[in-house]
Novice: 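I have a structure here, written as structure tokens, and I will follow up with some questions on it.
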Amino acid sequence: MSIEHEIEAVVAKAIVEAQGTGALPVFDLPDVTIERPRDMSFGDYATPTAMKLARLARMAPLKIAQAIVDHLELPDFLIEATVAPPGFINLRLAEAWLQQQVAVILDEGMDYGRFPRGAGQKAQIECVSANPTGPIHICRIRGGVMGDTLARAMKAAGYDVTLEYYYNDAGRQITILGESTQIRYQQLLGQDVALSDEHYQGEYITDIARELLAKYSDALLDKPASFFGDYAKEQISQSQKDSLGRINIVFDVYYNERSLYESGRLQEALATLEKRGYVYEKENAKWFKSTEFGDDKDRVLVKATGEPTYRMPDIAYHYHKAQRGFDIVVDIFGPDHHATAPQVLMGVEALGYDPSFVRTVLHQIVYLIRDGQQVKMSTRAGQFVTLDELVDEVGADPIRYFMISRSGNSPVEFDMDLALEKSDKNPVYYIQNAHVRCAGIFRKWAEAGFDPNADEGADLSLLTHEMELNFLRKALALTAVLEKIIVTSEPHHIAFYAYELAAAFHPVYEASRVLHSEVPEPLRLARLRFYRAAKQLFARVLDLMGMSAPEVM
RNA sequence: GCCCCUGUAGCUCAGAGGAUAGAGCGUCGGCCUCCGAAGCCGGAAGCCCAGGUUCGAGUCCUGGCAGGGGCACCA
């Protein structure tokens with residue numbers, strides 16, 4: 001449990017106690033909220049509960065606050081509770097307990113900040129879900145990083161998380177892919193054929209055709225376009241997986257649309273919708289009465305040609321998600337899917353499920369900036385920067401960081417020049433440098449011939465520097481940050497947290513020296529312990545972001 | 001026309017209904033004889049407009065204004 005929740009419980013208990021002694025009138029307890037005061041001088045935590053209770057209790061907020069404080073049983077981690085106008089209760093952490101966080105961080109290691117919110121719950125996060133027709137667009141990569149980061153937070157909260165990628169491996173797009181590859185293949189063999197505007201123009205198609213030529217020479221000339229489509233699809237899908245792996249995104253499940261047909265789930269979903277009376281025929285097409293769920297017009301499920309629209313498998317897929325028993329499903333959609341997301345939920349509802357287990361997370365576009373200019377991209381026209389190129393150019397860490405460095409509701413400007421910058425201007429370096437600086441201390445310490453584990457059992461009560469304590473206060477906030485990410489489905493909070501943690505660290509590093517000659521020995525060892533914990537914490541936080549924690553840069 | 005997102009410092013953005021609205025970049029000014037200055041410290045500078053809800057609104061509601069995205073029997 002986060003410390004905030006522990007404090008909530010303590011305050012709630014005090015209110016009940018106060019009601020028991022008659023210091024407060026009896027009323028139903030509303031939620032107690034705990035926050036960090038703006039001004040640190042007020043304390044470490046605060047609650048505005050007394051002000052919220054004023055109406056219920058018909059008392060002055062200050063009096064309520066005082067009554068609560070009078071009945072407060074301070075746990076060992078709190079040293080002081082005070083009342084401040086207009087009715088805040090401010091709470092202060094015990095310094096000795098704070099110092100012990102160093103030991104806790106080292107004890108818990110890569111589990112630091114864990115909490116059991118999701119224990120026993122199955123969660124699914126769906127993201128990227130790009131079709132295997134070309135390199136993944138940078139916007140989808142954003143969704144992927146958001147999804148993976150959210151998955152890491154949810155795992156820290158004990159959820160059993162399935163990271164899932166849904167893709168269309170049948171239908172029109174694959175047909176066009178096959179034709180494009182076939183035409184390139186024929187061209188390589190000197191035939192006079194040309195791509196139409198509809199075909200994929202990218203160089204990667206020619207690469208695949210070249211591969212086929214090398215493997216099979218001209219033996220494929222009589223193969224149908226579908227052969228080329230299947231081959232290209234496999235190649236592209238594999239390279240998508242490889243590319244995503246390079247930025248530490250590994251999906252647990254690749255769910256393909258074709259399986260919805262093969263398993264009969266799509267047909268079943270459609271039949272169920274029909275049975276429930278949400279489907280009608282018009283102009284030879286089957287329409288979904290989405291207006292009954294608030295849509296502004298009904299939508300086609302099955303075209304006049306007999307082919308389902310993309311909407312039908314989407315609904316069937318979510319039908320299956322519901323059947324698979326996930327307690328929480330998170331769908332991450334880019335700007336091109338904002339409008340269709342609600343329709344899927346309407347489908348789920350029409351199928352008889354409460355759609356509230358599905359949370360849709362929307363995000364805005366990504367602009368790629370190079371030399372101060374926006375790089376224009378178009379998949380079909382073959383103009384794009386691929387994920388591989390991006391990784392080659394700036395590395396995985398900046399991609400991971402910048403993709404979650406903004407709220408999903410804001411666009412991301414991915415500045416490749418900034419990503420490469422090796423200075424405090426680049427938040428990626430700024431954060432990782434904190435880890436590097438810690439590593440440097442231990443490297444120097446070992447090089448000087450000292451016992452590398454000399455800090456074991458150090459006296460942590462010597463860590464009295466205000467900046468050290470500030471860093472530990474920040475460390476303590478990790479659980480609350482993770483919880484906020486899960487509650488709001490907004491993974492960007494971890495990026496801001498990491499930066500703030502680094503910003504709390506660097507002043508310590510400047511002020512609280514370890515290896516300098518004038519530092520007394522017990523203090524040196526305590527500080528060494530502190531930096532060991534700091535290093536561990538940065539490794540933990542970087543891992544939560546899917547980033548590396550380098551020893552040197 | 002309808003739907004979604006966004007208007008916070010010169011720029012890019014945080015801000016879970018609470019106290020004096022926070023960062024980064026830029027700008028101005030300080031700090032290296034010992035662990036990475038790849039860093040630290042300090043200054044100036046801001047909530048689109050109008051109503052409403054609330055003890056309390058950057059935050060919630062309504063209406064404007066402005067910008068972005070989307071409204072296919074494409075995915």
Side-chain angles (χ1 to χ4, degrees), chain A residues 4 33-35 37-39 42 46-49 51-52 54-55 60-61 84-88 90 129-131 133 167-168 171-173 176 257 282-287 295-297 299-311 313-314 334-342 362-365 405-413 415 418 421-427 429-430 432-434 436-445 447-448 480 483-484 487-488 490 492-493 495-496 499-500 503 505-519 527-528 531 552-553:
Chain A
E4 287 83 356
T33 56
I34 300 297
E35 54 199 37
R38 247 181 232 301
D39 189 337
F42 289 129
T47 176
T49 298
M51 290 178 290
K52 289 206 170 89
R55 180 180 291 254
F88 287 99
N90 292 316
S129 295
N131 287 339
T133 55
Y167 66 102
N168 180 353
R172 191 177 149 71
Q173 300 302 321
I176 294 173
E257 183 180 329
K282 190 176 86 181
E283 293 159 7
N284 290 325
K286 291 189 177 182
W287 293 72
D295 208 349
D296 56 350
K297 56 185 156 200
R299 309 283 172 170
V300 172
L301 291 175
V302 182
K303 304 181 214 174
T305 62
E307 279 177 307
T309 62
Y310 64 89
R311 202 170 283 121
D314 276 0
D336 50 340
H337 284 63
H338 285 191
T340 65
L362 308 181
H363 68 81
Q364 301 292 328
I365 201 169
S405 66
R406 297 281 180 263
S407 149
N409 290 331
S410 290
V412 162
E413 284 191 19
D415 186 333
L418 177 62
E421 171 115 14
K422 299 192 171 191
S423 78
D424 58 336
K425 281 185 192 170
N426 180 354
Y429 270 82
Y430 185 75
Q432 290 180 322
N433 188 39
V436 168
R437 282 178 136 182
C438 292
I441 292 172
F442 290 99
R443 201 166 46 242
K444 277 247 155 77
W445 176 256
E447 278 168 7
E483 187 176 20
K484 187 168 169 180
V487 170
T488 61
E490 292 177 336
H492 70 279
H493 292 116
F496 285 89
Y499 190 90
E500 287 164 16
F505 171 84
H506 289 300
V508 184
Y509 183 88
E510 297 283 329
S512 180
R513 299 276 154 161
V514 180
L515 307 179
H516 286 194
S517 50
E518 79 279 6
V519 180
R527 287 181 176 174
L528 211 48
Y531 285 108
V552 291
M553 291 195 289

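In this text the structure is predicted, and so the values were computed from the model without any measurement. In the text below, chain A, chain B and the rest are named by the order of the sequence lines, each starting its count at 1.
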Novice: Return the set of residues passing ring pair (Phe, Tyr, Trp, His ring centres under 6.0 Å) with A/His506 (not counting sequence neighbours), or none when no residue passes.
Specialist: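 For A/His506 the ring pair (Phe, Tyr, Trp, His ring centres under 6.0 Å) partners, ignoring immediate neighbours, are A/Tyr430.
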Novice: Quote, to the nearest angstrom, the C1' distance that separates B/rC49 from B/rG67.
Specialist: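 Between the two C1' atoms, the distance is 16 Å.
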Novice: P atom, B/rC35 versus B/rU27: distance in rounded Å?
Specialist: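 That atom pair is separated by 28 Å.
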Novice: Please identify each residue that fulfils ring pair (Phe, Tyr, Trp, His ring centres under 6.0 Å) with A/Phe496, with sequence neighbours left out.
Specialist: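 Partners of A/Phe496 by the ring pair (Phe, Tyr, Trp, His ring centres under 6.0 Å) criterion, ordered by chain and then number, come out as A/His492.
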Novice: Output yes when at least one side-chain N/O atom of A/Ser410 is less than 4.0 Å from OP1 or OP2 of B/rC5, else no.
Specialist: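 Result: no.
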Novice: Between B/rG52 and B/rA19, how many Å separate the two P atoms, rounded to a whole number?
Specialist: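 Approximately 23 Å lies between the P atom of B/rG52 and that of B/rA19.
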Novice: If you compare every side-chain N and O of A/His492 against the phosphate oxygens of B/rG15 (OP1, OP2), does one of them come in below 4.0 Å?
Specialist: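 Answer yes for this pair, as a side-chain N or O of A/His492 is under 4.0 Å from OP1 or OP2.
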Novice: Name the residue closer to the 5' end of RNA chain B, choosing between A/Gly440 and A/Tyr310 according to the nucleotide with the nearest heavy atom.
Specialist: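 Counting from the 5' end, the first nearest nucleotide belongs to A/Gly440.
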Novice: Report the residues that fulfil ring pair (Phe, Tyr, Trp, His ring centres under 6.0 Å) with A/Tyr531, sequence neighbours left out, ordered by chain and then residue number.
Specialist: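 By the ring pair (Phe, Tyr, Trp, His ring centres under 6.0 Å) rule, A/Tyr531 matches A/Phe505.
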Novice: Applying side-chain contact (heavy atoms from CB on, under 4.5 Å), can you list everything that pairs with A/Ala54, at least two apart in sequence or on another chain?
Specialist: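 Partners of A/Ala54 under the side-chain contact (heavy atoms from CB on, under 4.5 Å) test: A/Pro61, A/Ile64.
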Novice: Give one of base, sugar-phosphate or nothing for A/Ala285, where a contact means two heavy atoms less than 4.0 Å apart.
Specialist: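 The residue A/Ala285 makes base contact.
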Novice: Would you please confirm or rule out a distance under 4.0 Å between OP1 or OP2 of B/rC41 and any side-chain N or O of A/Tyr509?
Specialist: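 So the side chain of A/Tyr509 is outside the cut-off, no N or O lying under 4.0 Å from OP1 or OP2 of B/rC41.
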Novice: Spell out protein contact along nucleotides 25-34 of chain B as letters: B when the base is contacted, S when just the sugar-phosphate is, - when no protein heavy atom is under 4.0 Å; keep the 5' to 3' order.
Specialist: SS-------B
Novice: By the 4.0 Å heavy-atom rule, please label A/Thr49 as base, sugar-phosphate, or nothing.
Specialist: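 Result for A/Thr49 = nothing.
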Novice: Mind checking what makes side-chain hydrogen bond (donor to acceptor under 3.5 Å, both in side chains) contact with A/Asp295, not counting sequence neighbours?
Specialist: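 Checked A/Asp295 against side-chain hydrogen bond (donor to acceptor under 3.5 Å, both in side chains); matches are A/Ser290, A/Arg299.
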Novice: Listed by chain and number, what are the salt bridge (Lys or Arg N to Asp or Glu O under 4.0 Å) partners of A/Lys425, not counting sequence neighbours?
Specialist: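 Result, salt bridge (Lys or Arg N to Asp or Glu O under 4.0 Å) vs A/Lys425: none returned.
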Novice: Is any side-chain N or O of A/Glu283 under 3.5 Å from a base N or O of B/rC73, one able to act as donor and the other as acceptor?
Specialist: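 Result: at least one qualifying N/O pair found.
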Novice: Under a 90° cut-off about 0 for the syn range, is B/rC32 syn or anti?
Specialist: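 With its glycosidic angle within 90° of zero, B/rC32 counts as syn.
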Novice: Return the 5'-most residue of the pair A/Ala503, A/Arg172 with respect to RNA chain B, ranking by each residue's nearest nucleotide.
Specialist: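 Going by which nucleotide is closer to the 5' end, it is A/Ala503.
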Novice: Mind checking if A/Pro342 touches a base, just sugar-phosphate, or nothing, with heavy atoms under 4.0 Å?
Specialist: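 Touches nothing.
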Novice: When you check the phosphate oxygens OP1 and OP2 of B/rU6, does a side-chain N or O of A/Asn409 lie under 4.0 Å from one of them?
Specialist: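 For B/rU6, OP1 or OP2 has a side-chain N or O of A/Asn409 closer than 4.0 Å.
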Novice: Using the C1' atom as the point on both nucleotides, what is the distance between B/rG69 and B/rG26, in whole Å?
Specialist: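 Here B/rG26 and B/rG69 have their C1' atoms 29 Å from each other.
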Novice: Assess whether atom NZ of A/Lys422 is packed by more than 12 heavy atoms of other residues, nucleotides or ligands within 6.0 Å.
Specialist: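 No, because the 6.0 Å sphere around NZ of A/Lys422 holds 12 heavy atoms or fewer from other groups.
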Novice: Indicate for each nucleotide in nucleotides 63-69 of chain B, in 5' to 3' sequence, whether protein heavy atoms under 4.0 Å reach the base (B), only the sugar-phosphate (S), or nothing (-).
Specialist: ------S
Novice: Return the set of residues passing side-chain contact (heavy atoms from CB on, under 4.5 Å) with A/Ala511 (not counting sequence neighbours), or none when no residue passes.
Specialist: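 If we apply the side-chain contact (heavy atoms from CB on, under 4.5 Å) test to A/Ala511, skipping adjacent residues, the hits are A/His465, A/Met467.
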Novice: Using the C1' atoms only, state how far B/rG64 lies from B/rC28, rounded to an integer number of Å.
Specialist: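 Result for the C1' pair: 40 Å, nearest Å.
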Novice: Between B/rG29 and B/rG70, how many Å separate the two P atoms, rounded to a whole number?
Specialist: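 B/rG29 and B/rG70 have their P atoms separated by 46 Å.
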Novice: I'd like to know if A/Arg437 pairs up with A/Glu510 as an ion pair, taking the criterion as any Lys NZ or Arg NE/NH1/NH2 lying under 4.0 Å from an Asp or Glu carboxylate oxygen.
Specialist: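 A/Glu510 and A/Arg437: salt-bridged.
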Novice: Not counting sequence neighbours, which residues clear salt bridge (Lys or Arg N to Asp or Glu O under 4.0 Å) with A/Glu483? List them please.
Specialist: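 With sequence neighbours excluded, A/Glu483 shows a salt bridge (Lys or Arg N to Asp or Glu O under 4.0 Å) to A/Arg117, given in chain and number order.
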Novice: Enumerate all atom pairs, one protein N or O and one N or O from nucleotides 16-19 of chain B, separated by less than 3.5 Å.
Specialist:
unit_1	atom_1	unit_2	atom_2	d
B/rA16	N7	A/Lys484	NZ	3.4
B/rA16	N6	A/Ala480	O	3.1
B/rA16	N6	A/Lys484	N	3.0
B/rA19	OP2	A/Arg38	NE	2.8
B/rA19	OP2	A/Arg38	NH2	3.1
B/rA19	N6	A/Asn90	OD1	2.5
B/rA19	N1	A/Asn90	OD1	3.1
B/rA19	N1	A/Asn90	ND2	3.1

Novice: Note every stem involving RNA chain B: at least three consecutive Watson-Crick or G-U wobble pairs, i with j then i+1 with j-1, with both distances under 3.5 Å.
Specialist: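 Paired runs of 3+ in RNA chain B: B:1-7 with B:65-71, B:10-13 with B:22-25, B:27-31 with B:39-43, B:48-52 with B:60-64.
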Novice: If you measure only the distance, is there a donor-acceptor pair under 3.5 Å linking the side chains of A/Glu421 and A/Asn426?
Specialist: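 A/Asn426 and A/Glu421 do not have a side-chain donor-acceptor pair below 3.5 Å.
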